[in-house]
There are 2 protein chains.
Amino acid sequence: MDSLDKKILRLLQGDATLAVSDVAKRIGLSTTPCWRRIQKLEEDGVIRRRVAVLDPARVNLGVTVFVAIRTNSHSIEWLRRLSEVVHDFPEVVEFYRMSGDVDYLLRVVVPSIAAYDAFYKRLIARIDIRDVSSSFAMEQIKYTTELPLDYVILDRSGSLPAI
Amino acid sequence: MDSLDKKILRLLQGDATLAVSDVAKRIGLSTTPCWRRIQKLEEDGVIRRRVAVLDPARVNLGVTVFVAIRTNSHSIEWLRRLSEVVHDFPEVVEFYRMSGDVDYLLRVVVPSIAAYDAFYKRLIARIDIRDVSSSFAMEQIKYTTELPLDYVILDRSGSLPAI
DNA sequence: GGTGAAACTCATGTGCA
DNA sequence: TGCACATGAGTTTCACC
């Protein structure tokens, strides 16, 4: 990946509807080579997908809850089971295995506290969890799918990546 | 919004490269009305944008950190300042105002612990924060931009939304 | 609301510096 | 690698139901 690829990624992260010719213009290239670069970024899996991002409020999902999970069962088997369950719940949009105090962290989106409670009951009905602690978000102040590209490692180029 | 709109959203959330004619076929409509529906969903702000989603690992962003912030300054002014600072850091991809124990929660993506430390120093150099607690994610098990559409409120239709 | 076709804009492929 | 041009596919607009 070189600095032109990085520019392409920056543009497409912001707006995936840009025509190849527009992207090409903005990075100072003609369409074919630009198109080939985009193809390669997709083949290489740097670009994973192109998606429509919806407004949560407009689809009745005003409430975000962070669910911290602590377990006794530190087995691969239990983790596998939890992953399976979590993947079955579309309300869970993010799921992390954590270091430290908390074992797992979920981000859950639902329309209301009542809906969260219903979700919670369905969750614990499917898997035994030692300790669950739910924190409600009052407001989503920033949410972006754009990753900072300042740390990208460029091939055969002079500029070193930040840290 | 009716059930056809909901189907459109479901498809485009998963793959925004689908041709309008494909979407139309799958929901049992011809292209023009389908195209008009998509336009309207965009105008109405239900579809906020179409973006390319990148693989964090491929752009050197292997480390996710959740940063819980507690403050003394429960003023609008301090919040405004924090928002400003956070929006200036592309490493912060999510930012919530929380209820309960923690006042604010950030999700930060960086290449390494060292990079996180550098980020942390730059952050506290720009705003005074009473208490910061950082939790490192070891593994991202699920991450999706697809919102559950099961709670959408449909106009003039028989089916009531879930909860 | 919906259909079908025309016009126009892109994405994609070939040939060549 | 890069550019310029051809063509087929997709988007967008139109007249009409």
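Chain letters run A, B, ... following the sequence lines, proteins first and then strands; every chain starts at 1.
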Not counting sequence neighbours, which residues clear side-chain contact (heavy atoms from CB on, under 4.5 Å) with [X]? List them please.
{"X": "E42(B)", "result": "I38(B), Q39(B), I47(B), R50(B)"}
{"X": "A57(A)", "result": "D55(A)"}
{"X": "D22(B)", "result": "L18(B), A19(B), K25(B)"}
{"X": "D44(B)", "result": "R58(A), K40(B), V46(B)"}

key: I129(B) CD1 to W78(B) CH2 distance, which is reported to the nearest 0.5 Å   = 5.5 Å
key: Between Y96(B) and Y104(B), ring centroids under 6.0 Å   = no
query = Is atom CZ of R70(A) surrounded by more than 12 heavy atoms (other residues, nucleotides or ligands) closer than 6.0 Å?
reply = yes
inquiry  = For a quick test of reading the model: is some side-chain N or O of R37(B) closer than 4.0 Å to OP1 or OP2 of dG2(C)?
reply    = yes
request  = Mark yes or no for a side-chain to base donor-acceptor pair under 3.5 Å between R36(B) and dG2(C), with no hydrogen or angle criteria applied.
outcome  = yes
message = I need the residues from residues 16-32 of chain B with at least one non-hydrogen atom less than 4.0 Å from DNA chain C; give them sorted by number, or say none.
response = L29(B), S30(B), T32(B)
message = Side chain of P33(A) only, heavy atoms from C-beta on: which candidate in dA11(C), dG2(D), dT11(D) is closest?
response = dG2(D)
message = What's the closest nucleotide to the side chain of W35(A) if the choices are dG2(D), dT12(D), dT12(C)?
response = dT12(C)
ask   = According to the interplanar angle, ranging from 0 to 90°, do the rings of F136(B) and Y116(B) count as parallel (below 30°), tilted (30 to 60°) or perpendicular (above 60°)?
value = perpendicular
inquiry  = Tell me the interatomic distance from Q39(B), atom CD, to dC14(D), atom P, rounded to whole angstroms.
reply    = 13 Å
inquiry  = Could you tell me how far apart L4(A) (CG) and dT1(D) (P) are, to the nearest whole angstrom?
reply    = 11 Å
message = Using a 4.0 Å cut-off on heavy atoms, which residues in residues 40-55 of chain B reach DNA chain D? List them by number, or say none.
response = none
